[in-house]
Asks: 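Below you'll find the structure I mean.
If you read the sequence from its start, that first residue is 1, and numbering goes on from there.
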Amino acid sequence: MKAVTRRTVLAGMAVLAPLPSLRLSRASSDLGGLKVMTEEYPPYNYQVGGELMGLSVEIMEEIFNRTASGHSRSDISLLPWARGYNLTLQRSGHALFSTTRTPDRESLFKWVGPFVPTVVGLIAKKSRNLTIKTVQELADLRIGVVKDDIGQLLLQAKGVPDDRIEAVLSNDQNFRKLIAGRVDAISYETRVTRWALQTRDVALEEYETVYELDRGELYLALHHQTPDDLVDLLQSVFDTMVDDGTHARILERYGIDT
């Protein structure tokens, strides 16, 4: 048997050492080809004057910068939620934020985050005098949702009949139906709803959350065949942002405590 010497050990280490950097290089290459999408969902992601803004956009751009991907926020596509969701579900090389991570969705995607905590609930005008104590009472309401959004999925999971759920393609349509009184309530993320009502010059004190459906967290969701090296790279970079305080500072700019 050949003797193991310091020289042979060092030679072996020299062969093994480049492997992590090779994996990093391969993951960075995959990231360069990744199609990242989002929707109009302020204060997390939204567009002003053609430029993407928001808490999650800032997080995503920081990830781009730290991975030297060559991407910036201008490379993120703004799409209707249902389209972005289905593209990420069906096509490799696609990713979508801000996506609520739920048990039903767990195996459908790979995940990076969590970016921020989230609450989904039923928001209604106070003038309707709604008091909801049980999920069964939801069947008595006409509830507006965005198609394929978590607000719709939670209602369906809780057994609310489909004929009581009114789905539209955009959150703007959903908010207009709420304001006009064409639905009893909408099922949506509560912070996003408050933001939307304020920007529409509506008296925020005239609305209330009448029933909380779920508390969760928002993530970057990636197609389920996304290489693990790429997912690990993105998660590692995000974890570094949390550890060095960058993530907390972004949230604080939007009035959110970590």
Asks: Kindly determine whether Val183 and Ile143 satisfy side chain to side chain contact (heavy atoms under 4.5 Å, CB included), including the steps that lead there.
Replies: CA-CA 6 Å; Val183 291; Ile143 306 172; over 6 Å; no

Asks: Which atom pair, heavy atoms only, marks the closest approach of Ile76 to Met60?
Replies: CD1-CG, 4.2 Å

Asks: Are Val112 and Val231 side-chain neighbours, meaning at least one heavy-atom pair lies under 4.5 Å?
Replies: yes

Asks: Do Leu55 and Val116 come within less than 4.5 Å of each other through their side chains, counting heavy atoms only?
Replies: yes

Asks: Do NZ/NE/NH1/NH2 and the carboxylate oxygens of Glu62 and Arg66 come within less than 4.0 Å?
Replies: yes

Asks: Would you say the side chain of Leu218 lies within less than 4.5 Å of the side chain of Thr99, judging by non-hydrogen atoms?
Replies: no

Asks: Mind checking salt bridge (Lys or Arg N to Asp or Glu O under 4.0 Å) for Lys177 and listing every partner two or more places apart, or none if nothing turns up?
Replies: Glu166

Asks: Heavy atoms, side chains only, cut-off 4.5 Å: are Leu122 and Leu130 in contact?
Replies: no

Asks: Ignoring hydrogens and angles, write down the donor-acceptor pairs under 3.5 Å from the side chains of residues 146-156, residues two or more places apart or on other chains.
Replies:
from   : atom 1 : to     : atom 2 : distance (Å)
Asp149 : OD2    : Gly151 : N      : 2.8
Gln152 : OE1    : Asp148 : N      : 2.7

Asks: Okay, side chain of Gln173, backbone of Leu169: is any donor-acceptor separation there less than 3.5 Å?
Replies: yes

Asks: Please confirm whether the backbone N or O of Gln47 pairs with a side-chain atom of Glu51, one donor and one acceptor, at under 3.5 Å?
Replies: no

Asks: Specify the closest pair of heavy atoms between Val237 and Ile63, including all atoms of both residues, with the distance to one decimal.
Replies: CG1-CA, 4.1 Å

Asks: Looking at Thr226 and Leu222, what are the two nearest heavy atoms and their distance?
Replies: OG1-CB, 3.4 Å

Asks: Run the salt bridge (Lys or Arg N to Asp or Glu O under 4.0 Å) test against Asp172 and tell me which residues pass, sequence neighbours left out.
Replies: Arg176, Arg200

Asks: Going by the side chain to side chain donor-acceptor pair (under 3.5 Å) test, which pairs reach into residues 113-132, not counting sequence neighbours?
Replies: Thr118-Glu189, Arg128-Asp184

Asks: Using salt bridge (Lys or Arg N to Asp or Glu O under 4.0 Å) as the criterion, list what pairs up with Arg194, not counting sequence neighbours.
Replies: none

Asks: Which pairs count as ring pair (Phe, Tyr, Trp, His ring centres under 6.0 Å) when at least one residue sits in residues 202-229, sequence neighbours excluded?
Replies: Trp111-Tyr219

Asks: Can you list everything that forms a ring pair (Phe, Tyr, Trp, His ring centres under 6.0 Å) with Tyr46? Sequence neighbours excluded, please.
Replies: Trp195

Asks: Nearest 0.5 Å please: distance from the OG1 atom of Thr193 over to the CD atom of Gln198.
Replies: 11.0 Å

Asks: If you measure from CD1 on Ile123 to OG on Ser187, what distance do you get to the nearest 0.5 Å?
Replies: 7.0 Å

Asks: Mind checking the CG-CG spacing from Leu34 to Asp75? Nearest 0.5 Å is all I need.
Replies: 11.0 Å

Asks: When you group the ILVMFWY residues by side-chain heavy-atom contacts below 4.5 Å and let the links chain together, are Met53 and Ile256 in the same group?
Replies: no

Asks: For a 4.5 angstrom cut-off between non-hydrogen side-chain atoms, does Leu220 reach Ile59?
Replies: no

Asks: Arg73 side chain to Glu61 main-chain N or O, any donor-acceptor pair under 3.5 Å?
Replies: no

Asks: What's the spacing between Thr199 OG1 and Leu197 CG if we round to 0.5 Å?
Replies: 7.5 Å

Asks: Would a hydrophobic clustering, with Ile, Leu, Val, Met, Phe, Trp and Tyr connected at side-chain separations under 4.5 Å, put Leu141 with Ile179?
Replies: no

Asks: Mind jotting down which residue pairs meet the salt bridge (Lys or Arg N to Asp or Glu O under 4.0 Å) criterion with at least one end in residues 109-120? Sequence neighbours excluded, please.
Replies: Lys110-Asp228

Asks: Just checking, any donor-acceptor pair under 3.5 angstrom between side chains of Thr102 and Thr100?
Replies: no

Asks: Side chain to side chain donor-acceptor pair (under 3.5 Å), that's the test. Do Ser77 and Arg83 meet it? Break it down for me.
Replies: CA-CA 11 Å; Ser77 299; Arg83 177 162 171 74; over 6 Å; no

Asks: Excluding sequence neighbours, so at least two apart, what forms side-chain hydrogen bond (donor to acceptor under 3.5 Å, both in side chains) with Thr240?
Replies: none

Asks: Mind listing the side-chain donor-acceptor pairs of residues 84-98 below 3.5 Å, one per line with the distance, residues two or more places apart or on another chain?
Replies:
from  : atom 1 : to    : atom 2 : distance (Å)
Asn86 : ND2    : Ala82 : O      : 2.9
Thr88 : OG1    : Gly84 : O      : 2.9
His94 : ND1    : Ser92 : O      : 3.2
Ser98 : OG     : Asn45 : OD1    : 2.7
Ser98 : OG     : Ser56 : OG     : 2.7

Asks: Assess the residue pair Val120 and Thr190 against the criterion (side chain to side chain contact (heavy atoms under 4.5 Å, CB included)); give the C-alpha distance rounded to whole Å, side-chain angles, the decisive distance to 0.1 Å, and a yes or no.
Replies: CA-CA 6 Å; Val120 179; Thr190 57; over 6 Å; no

Asks: Applying ring pair (Phe, Tyr, Trp, His ring centres under 6.0 Å), name anything that partners Tyr188, two or more places apart in sequence or on another chain.
Replies: Tyr41, Phe175

Asks: Might you point out which heavy atoms bring Ala139 and Arg164 nearest each other, and give the distance in Å?
Replies: O-NE, 3.2 Å

Asks: When rounded to the nearest 0.5 angstrom, what distance separates CG in Asn174 from CH2 in Trp81?
Replies: 14.0 Å

Asks: Report the C-alpha distance between Val145 and Ile186 in whole Å, list the side-chain angles of each, state the deciding distance to 0.1 Å, and finish with yes or no for side chain to side chain contact (heavy atoms under 4.5 Å, CB included).
Replies: CA-CA 6 Å; Val145 300; Ile186 63 171; over 6 Å; no

Asks: Nearest heavy-atom pair of Ile132 and Thr134: which atoms, and what distance?
Replies: CG2-O, 3.6 Å

Asks: Glu106: what forms a salt bridge (Lys or Arg N to Asp or Glu O under 4.0 Å) with it, not counting sequence neighbours?
Replies: Arg101

Asks: Let me confirm one number: the CD1-CZ distance from Ile250 to Phe115, rounded to the nearest 0.5 Å.
Replies: 9.5 Å

Asks: Taking all heavy atoms of Ala185 and all of Leu178, pick out the closest pair and write down the distance.
Replies: CA-CD1, 4.3 Å

Asks: Working note: Glu40 + Asn171, criterion side chain to side chain contact (heavy atoms under 4.5 Å, CB included); need CA distance, chi angles, decisive distance, verdict.
Replies: CA-CA 8 Å; Glu40 190 76 18; Asn171 50 18; 4.2 Å; yes

Asks: I'd like to check Leu52 versus Leu78 (side-chain heavy atoms, cut-off strictly below 4.5 Å). Are they in contact?
Replies: yes

Asks: When you measure from the side chain of Arg191 to the backbone of Val119, do you find a donor-acceptor pair of N or O atoms at a distance under 3.5 Å?
Replies: no

Asks: Is the distance between the ring centroids of His247 and Phe238 less than 6.0 Å?
Replies: yes

